[in-house]
Amino acid sequence: MSIRLYDTATREVRDFAPLEEGKAGVYVCGLTVQSEPHVGHVRSAVNFDVLRRWLTHRGLEVSFIRNVTDIDDKILTKAAAQGRPWYNLAYDMKRELDAAYAALNVLPPTYEPAATGHVPEMLELIEHLIAKGHAYAAEDGSGDVYFDVRSWPSYGELTHQRIDDMEAAEDADPRGKRDPRDFALWKGWKKATEPETAAWPSPWGPGRPGWHIECSAMAGKYLGQAFDIHGGGVDLRFPHHENELAQSRAAGHGFASYWMHNAWITTAGEKMSKSLGNSLLIPSVLERFRGIELRYYLVAAHYRSHVEFSFDSLEEAATGFQRIEAFLERAGAVEPGEVPDAFAAAMDDDLGTPAAMAVLFDTVREGNKATDPTGHAAAVRAMLAVLGLDPADPAWGPTGGGDDRMSAVVDALVSGLLEQRATARAEKDFATSDAIRDRLKEAGVEITDTPDGQKWSLA
RNA sequence: GGUGGGUUGGCCGAGAGGCGAGGCAACGGACUGCAAAUCCGUGUACACGGGUUCAAAUCCCGUACCCACCUCCA
């Protein structure tokens, strides 16, 4: 009956025991807002949205924090290349991201802190680390501050690596680092190349935060020094999460009890960040598929499984989902009921959405057989709701592909033709009957004959 | 060099010692004037080679190939 989750740190599925009974604190690394969101970015958000909804369904009061990194090297570089202020690029991309989340019914987090809004908290943490002997200001006058990995013996514990086995960072010249693996907590302002707006005052001179420190500072601020779950994409395990863990623990914080990482979604066997064109950007995908179909596609695979994206599989998934929708339409308006035990058991087992989906489809089949499908429909809606896939959720916007006035007009026009067709059929004049059906089909209206008479829908 | 993951039927995608997850597609049947939808039925898949076991896709050893991370990354 308890929820079990795979923890990257211990490499095993274990019972989820919250620090505080009945509550769960979850911190998920959001995005660096430097470019338009693609399918891969959104997978992470959807996966953790499902986690959040399931924890909530299980009666936990979830505090869900997802940050936004709105200042970093890439943002500065790209903005400069585009000839616009970095904060304008970051803000624009942030709005694109919000739109993508909304289109996929990703619930807004409890709070979404941005790095630039938490510089004081970061400075405080950095000073604390210096005071404890785990960080130092570079001696080359750059204004950088580094975390001293050699001062923290358990460095590498999250990803089970030993410092001496790691390749040294090649990116940066050693600058003022004591060890090449030391990472930046604070980056001194480079007057020559960086705008003044990208620098904040600090005890070491103007500069900006290093990447990792923001999460330690913000998680601490909103969830406390120790919290339950920290999530993100697999690529973040190292260095990002390893460094967060090191600096937080070195500062004396308990930090996260569980670490969860979602797997990649690739195209043509390649990581999306190296991506090919922009066909996988969310707005572009949404021109071909509805948000609910894309979400279904993402939820149907286990979050820790690598997914090879293709429009063919998305198409296939959409067809499968439409089967569920068609069942609900036939069943009529039903309030969500209880989730079947088998479904709950699947979800409890490290968010086993594939097995949960199997239960969902089994219920649909049973419902299609039943003379009164109400109970099955109620269960189906409950399962869909917890996966964020309930078609009746107002978050998906108006359904039916048009406003009410328009559909009333179409209905009036179509019913006239349907009456003619009914007459033809009654007289066994199937040539006329089929001609009417074909003509409507060309116009995009699909006719089906049911025991209750003819029904029409937009194709 | 270090660390982790993968290879399952035509396709997608679960499972982690015994009983064929589920979806898509295909084929046959029921229903239908014909369709659509729906239901019923049809598949001896687990990279390769050894081994352990009464029993292996699942455990062990070895091999091949693929992927990710090692300080920009969801």
Side-chain angles (χ1 to χ4, degrees), chain A residues 8 11 28-32 34-35 37-48 69 72-75 77 147 149 156 159-172 177 180-184 210-212 231-240 242-243 261-266 269-274 296-297 300-302 304-308 310 312-321 323-324 326-327 329-330 342 346 349 352-362 364-365 367-369 425 428-430 433-434 437-438 441 446-451 455 457:
Chain A
T8 305
R11 297 170 175 165
V28 175
C29 285
L31 292 184
T32 298
Q34 43 109 359
S35 59
H38 56 58
V39 175
H41 291 134
V42 147
R43 177 186 193 186
S44 181
V46 167
N47 287 159
F48 286 103
T69 300
D72 91 318
D73 294 357
K74 255 196 172 164
I75 293 175
T77 312
F147 182 86
V149 296
T159 50
H160 309 97
Q161 303 181 87
R162 296 176 332 127
I163 292 180
D164 294 317
D165 290 335
M166 292 176 194
E167 283 178 11
E170 289 173 27
D171 68 320
K177 288 186 183 182
R181 278 146 290 222
D182 289 350
F183 57 90
W211 178 30
H212 320 295
V234 274
D235 57 319
L236 297 181
R237 283 180 311 193
F238 193 90
H240 188 51
E242 190 73 73
N243 291 352
H261 294 98
N262 66 274
W264 288 109
I265 181 156
T266 58
E270 268 190 273
K271 227 170 122 163
M272 272 193 193
S273 55
K274 293 171 189 164
Y296 168 78
Y297 176 66
H302 187 84
R304 283 194 286 120
S305 290
H306 165 109
V307 169
E308 169 69 16
S310 78
D312 284 348
S313 353
L314 176 52
E315 177 80 56
E316 195 180 273
T319 307
F321 186 71
R323 187 173 136 81
I324 300 170
F327 164 68
E329 259 169 56
R330 251 175 271 123
D349 185 12
T353 50
M357 287 298 179
V359 177
L360 183 54
F361 277 101
D362 286 344
V364 167
R365 190 182 315 103
N368 275 327
K369 272 193 272 189
R425 290 184 74 213
K428 303 229 185 279
D429 177 6
F430 296 119
S433 153
D434 290 350
R437 184 168 65 191
D438 291 347
K441 180 150 197 179
E446 203 139 30
I447 304 297
T448 50
D449 296 313
T450 74
K455 294 249 165 84
S457 60

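So you know, we letter chains A, B, ... as the sequences are listed, proteins then strands, and number each from 1. A quick note: this is a predicted structure, and the numbers were derived from the prediction, not measured.
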Could you check which nucleotide pairs with [N] in any of the strands shown, counting Watson-Crick or G-U wobble with both distances under 3.5 Å?
N      : value
A64(B) : U7(B)
C27(B) : G41(B)
C59(B) : G51(B)

Does [N] have OP1 or OP2 under 4.0 Å away from a side-chain N or O of [X]?
X       : N      : value
S313(A) : C11(B) : no
N262(A) : A74(B) : no
K369(A) : C40(B) : yes

Would you classify [X] as touching base, sugar-phosphate or nothing, given that sugar-phosphate means primed atoms plus P, OP1 and OP2, and contacts are heavy atoms under 4.0 Å?
X       : result
H41(A)  : base
G232(A) : sugar-phosphate
H302(A) : sugar-phosphate
F361(A) : sugar-phosphate
G156(A) : nothing
R237(A) : sugar-phosphate

Can you tell me the distance, in whole Å, between the [atom1] atom of [X] and the [atom2] atom of [N]?
X       : N      : atom1 : atom2 : answer
R323(A) : A36(B) : CZ    : C1'   : 14 Å
H240(A) : A68(B) : NE2   : P     : 21 Å
R162(A) : G4(B)  : CZ    : P     : 12 Å
H306(A) : G13(B) : NE2   : P     : 8 Å
R11(A)  : G5(B)  : CZ    : P     : 7 Å
E446(A) : A37(B) : CD    : P     : 8 Å
H261(A) : U3(B)  : NE2   : C1'   : 14 Å
D165(A) : C70(B) : CG    : P     : 16 Å

Problem - Whole-angstrom distance between A36(B) and G22(B), as gauged at atom P - result: 24 Å

Practice task
Could you walk me through whether K441(A) and D438(A) pass salt bridge (Lys or Arg N to Asp or Glu O under 4.0 Å), step by step?
Solution key: CA-CA 5 Å; K441(A) 180 150 197 179; D438(A) 291 347; over 6 Å; no

Exercise for the section: Could you encode protein contacts along nucleotides 26-35 of chain B as a string, one character per nucleotide from 5' to 3', using B for base contact, S for sugar-phosphate-only contact and - for no contact, with a heavy-atom cut-off of under 4.0 Å? Expected result: -------BBB

Practice task
Classify the ring geometry between H212(A) and F183(A) as parallel (under 30°), tilted (30 to 60°) or perpendicular (over 60°).
Solution key: perpendicular

Practice task
Answer yes if the side chains of Q34(A) and T32(A) hold a donor-acceptor pair under 3.5 Å, and no otherwise.
Solution key: no

Handout entry: Of E316(A) and A301(A), the one whose closest RNA chain B nucleotide lies more 5'
Key =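 Per heavy-atom nearest nucleotide, the more 5' residue is A301(A).
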
Handout entry: Closest-nucleotide 5' rank along RNA chain B - winner of N243(A) and G320(A)
Key = G320(A)

